[in-house]
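Below is one structure, written out as C-alpha cells; comments come after it.
One-based numbering, in listed order, for ligands and for the atoms of each.
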Amino acid sequence: MLAQFPDPAEALIKAGTIDLTKVMALIVQKYGGTSVGSVERIQAVAQRVYKTFKAGNSVVVVVSAMGKTTDGLVKLANEISTNPNRREMDMLLSTGEQVTIALLSMALQELGQPAISMTGAQVGIVTEAEHTRARILHIETDRLSRHINQGKVVVVAGFQGISSAGEMEITTLGRGGSDTSAVALAAALRANFCEIYTDVPGILTTDPRLVPEAQLMDEITCNEMLELASLGAKVLHPRAVEIARNYGVPLVVRSSWTDAPGTWVISPQPQGRSLINLEIARPVDHVEFDTDQAKVALLRVPDKPGVAARLFGEIARQQVDVDLIIQSIHEGNSNDIAFTVTTPILKRAEAVAAAIAPALRNQSHPKLEEAEVMVEQNIAKISIAGAGMIGRPGVAAKMFATLAAAKVNIQMISTSEVKVSCVVDATECDRAVAALCTAFEIEVRESLCTNSPLPNTPLVRGVALDINQARLAIRQVPDRPGMAARLFGLLAQNNISVDMIIQSQRCRVIDGIPRRDIAFTVCQVDGESTKEMLTQVAAELGWGEVVLDSAIAKVSIVGAGMIGQPGVAAKMFEALAQHQINIQMIATSEIKISCVVSQEQGVQALQAIHAAFDLAGSEKFVVPA
Ligand code: ASP
Ligand code: MG
C-alpha cells in the first residue's frame, strides 16, 4: 500500500517550504468531537500526537468542538431566535473548536511538546462568504509551514475559515465540516496522508446494530465511499472524500481508542489539480456517455418475489453483463423490468429474455397479461456525476431541464447517490452531451466514460439500508421532453431532496398521448407535503394520480469490482427471493444496485444480502448510537 503514496521527500520538495532534514513524513490528524470530549480524552489525544511527532514526523492536528458542544450552541441560538442570523451563527459555532485547539495545545505543552493553536482565520483557510455552508477556496500554507519548521505541532480549528481579504468574515463549512478542513489542509500542505480519528474502528461493511456480522473493511475507494454515503457519511463527510479523491490524498479512518490500522480510503493518482478553488463549487464534475448500449425490456412481468432473480440469474448463467437495470412500479399487479447491455451481447441477452418470458406469465390474468420482450438498439446512456449533488435538490432537475431545452426525450432514468443516468435516443446523444457540458460548465473533453473495473477489488464492498424514505409515483405522465424537468424542478423549488428517481419502460396511450409513470423517493418527512404539492398541479400538467407509500426501505450494494462482472445483480435479487422479499423498484449505477422493498422487510433484506456476498465475519464491532 505505501508504495502507492507520493514519495514523502519528493512531495515536500515540491511544496518547497519544509526543511527535509527534519522530516520523515508530514501527517494531518483529525480528531472528532467524541475523541476530544473531555479533559482526559484531550490528554489521550495529546499522547498520540506526541508519539507520532517523536517518531520523526511533522504533525498538523485538526480538531472538532468537544463532544456535543456545537449542538449545545445551536440550541442556545434557537432559544433566542427561530431564524438566527447566519453571520452570527458562524460567530457562535466557530467558538466550539477554538476551545479545543487551546486545550489540546496546552496538553501538548504539558508533555514538553512545542505546540501552537491556530483558528481558521489565523491559518488563512479562505472560504466563500456563504455563512454556515462555506466552501474552501484555498489555504495559505506559509504560516503553517513556518511553525512546522520550528518543530511545533500546529493545532488547527476545524470547520471554520475566513472569507477573502476585504471582508474577513468568520465562516463555517456546515455541520460535520472538520473532516473537510483536515483533508483540505492535507491537500494544501501536500501531506503524506491524513488520519481521521473517530469513535468507530473504521468503515464497516454495514451497520453492525442491524447485522451483528458486519466486518471492518481494510480499504475502500473514494467512489465507493461516496455511493455508500448513507452508510459512511457519519464517519467521514462526503465533501472530505471528494477533496481526497480530487487531490489524491491518502486517507485513513481509525479509532482514537486503539492502535488498529482502520480503513484506508483509496484515491486515484493525483492529477496535479490547482490548489486554487480547492473545493469546487460545481455540483457536477463529469458528463459521461456511452453509445454502445442497447436496451432490453420485459413488459408486464408479475409483481411477486423471485421474478428479477430468475431473469437475471438466467442472464448471468449466459455470462451476459448487464449495465443499467431499472424496475419501476405500475398500476395493477405487473412490473416492467428494463436493462441495458453492450451492443455486442444484445443478441444473447434478447434470447435469454425471450426464452424466459412465457414462464413469467402473470398467473392472475394469464390471457390478458403476457410478458413481452422489447428491444431497442439505438440508445445512448448519458450520465452526470459528482459528489456535489448530494443533498442538492436542483441538480437532477437541471439535467432534465437541460435535456428538455435541447429537445431530447428521456426514455429511462436511474439515479444513485452521486450519479444521474438517462437513456435517450442515440441520434440525440451528441446534442445532449453538449448541452449538459454547457449547463454544468464541464469541458467536453471531460465527457468520457471513465469507469473501468478495478483489478482485485471485491464485487461488493458494503451494503446499506435506508428506512427513512417514502416513495411517490405519478401515473400517466405524458411522454414528452420537459415533463421530468417540470416535476423535479418543482421539487427543487420546494427544497425537496430526491434520492432515487426511476422512469421505466411502459408507455401507454391515453387520450391520444403516450404516457409513462415516474417514481421517486424522498425523505419520509417530506412525503405527505410533496404528495399534496404535486396533487395540486397534476391536473393542470395533464398527469394522472399521485401515489404515496411511506412504508418502504431501500437496500443497496456498492462495489467497484462489479463493473463488467456478470451475476452480481442476480445474486442480490436471488438473496431477496430466497426470503420471499418482493422487489418494488430497482435502480443501478456502475458500482451500485439499489432495491426498494417493503419497510417491514428492510432489515431482513439487508441481512440476507450481506450474507449472500460473504461479507459476514466473526469479529464483533460495537458502534455508538
Ligand atoms: N463541530 C462541528 C459539528 O459538530 C464540526 C465537526 O465536528 O465536524 O458539526
Ligand atoms: Mg464530526
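Residue Gly174 has no nitrogen or oxygen atom sitting less than 3.5 Å from a nitrogen or oxygen atom of ligand 1, judged on distance alone. At under 3.5 Å, not a single nitrogen or oxygen of Lys30, backbone or side chain, sits near a nitrogen or oxygen of ligand 1. An N or O contact shorter than 3.5 Å links Ser64 to ligand 1 by distance.
Look at Glu128 and Arg133 and you find no salt bridge, because none of the NZ, NE, NH1 or NH2 atoms lies under 4.0 Å from a carboxylate O.
Considering each of Gln160, Glu97, Lys68, Met66, the one bringing a non-hydrogen atom nearest atom 1 (N) of ligand 1 is Glu97.
Using a 4.0 Å heavy-atom cutoff, His237 is absent from the residues neighbouring ligand 1. Distances shorter than 4.0 angstrom occur between a heavy atom of Gly177 and an atom of ligand 1. In this structure, Gly176 is part of the shell of residues with a heavy atom less than 4.0 angstrom from ligand 1.
Glu169 meets the side chain to side chain contact (heavy atoms under 4.5 Å, CB included) test with Arg87, His131, Ser163, Glu167; sequence neighbours excluded. Shown here are the side chain to side chain donor-acceptor pair (under 3.5 Å) partners of Ser556, two or more places apart in sequence or in another chain: Ser594.
Ligand-side atoms of ligand 1 in range of Arg175: 3 (C), 4 (O), 9 (O), range being under 4.0 angstrom from any heavy atom.
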Could you go through Arg245 and Ser267, starting from their C-alpha distance and side-chain angles, then the distance that decides it, and tell me whether this counts as side-chain hydrogen bond (donor to acceptor under 3.5 Å, both in side chains)?
CA-CA 5 Å; Arg245 181 185 60 183; Ser267 303; over 6 Å; no

Would Ser94 and Gln160 satisfy side-chain hydrogen bond (donor to acceptor under 3.5 Å, both in side chains), going step by step from the backbone distance to the final call?
CA-CA 6 Å; Ser94 59; Gln160 56 176 258; 4.8 Å; no

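Under a cut-off of 6.0 angstrom, the local environment of CD in Glu528 is sparse, with at most 12 non-hydrogen atoms contributed by other residues, nucleotides or ligands.
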